[in-house]
S.K.: 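Below is one structure. I have some questions about it.
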Amino acid sequence: MPIIHVEMYAGRTADQKRALVKALTDAFVTTAGGSPQSVQVVLRDVEKSDWATGGMLGSDKT
């Protein structure tokens, strides 16, 4: 059972998450095979103040 983990800034709507999960599942099945029912997707929302890139918090970027 494949598991796709996605960490992203918080703030997406439930509809956006549904669309993302569907697109990821479809892409995996098309590319790697298997059934959609076997693909698991874990979404983790992270606040910008809890994510840093290049030594700078996401909340400090403009």
Side-chain angles (χ1 to χ4, degrees):
M1 91 183 112
I3 303 172
I4 301 169
H5 290 266
V6 178
E7 293 181 89
M8 60 187 176
Y9 285 150
R12 271 66 172 203
T13 66
D15 285 339
Q16 288 173 311
K17 291 178 182 182
R18 283 185 193 97
L20 176 60
V21 167
K22 173 93 170 78
L24 289 170
T25 300
D26 291 347
F28 187 93
V29 170
T30 299
T31 305
S35 69
Q37 294 77 17
S38 70
V39 178
Q40 297 183 34
V41 179
V42 178
L43 302 177
R44 182 173 302 173
D45 288 341
V46 180
E47 295 299 324
K48 289 183 178 183
S49 60
D50 295 328
W51 193 309
T53 304
M56 180 180 272
L57 293 175
S59 57
D60 292 339
K61 295 180 181 180
T62 56

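It should be emphasised that the depicted structure is a prediction, and the values quoted were computed from it without experimental measurement. Just the heavy atoms: all of them, side chains too, but no hydrogens, waters or symmetry mates, feed the values below.
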S.K.: If a pair satisfies ring pair (Phe, Tyr, Trp, His ring centres under 6.0 Å) and one of its residues is in residues 8-56, list it, with sequence neighbours excluded.
M.R.: Tyr9-Trp51

S.K.: Between side-chain atoms of residues 35-48 and protein atoms elsewhere (two or more places apart, or another chain), which donor-acceptor pairs fall under 3.5 Å?
M.R.:
{"from": "Ser35", "atom 1": "OG", "to": "Ser38", "atom 2": "N", "distance (Å)": "3.4"}
{"from": "Ser38", "atom 1": "OG", "to": "Ser35", "atom 2": "O", "distance (Å)": "2.7"}
{"from": "Asp45", "atom 1": "OD2", "to": "Lys17", "atom 2": "NZ", "distance (Å)": "2.6"}

S.K.: Using the test side chain to side chain contact (heavy atoms under 4.5 Å, CB included), find all partners of Thr31 that sit at least two apart in sequence or belong to another chain.
M.R.: none

S.K.: Under the salt bridge (Lys or Arg N to Asp or Glu O under 4.0 Å) test, which residues partner Asp50, sequence neighbours left out?
M.R.: none

S.K.: Which heavy-atom pair separates Gln16 from Thr13 by the least distance, and what is that distance?
M.R.: OE1-N, 2.8 Å

S.K.: Would you please name every residue forming a salt bridge (Lys or Arg N to Asp or Glu O under 4.0 Å) with Asp60, sequence neighbours left out?
M.R.: none

S.K.: Please identify each residue that fulfils salt bridge (Lys or Arg N to Asp or Glu O under 4.0 Å) with Arg18, with sequence neighbours left out.
M.R.: Asp15

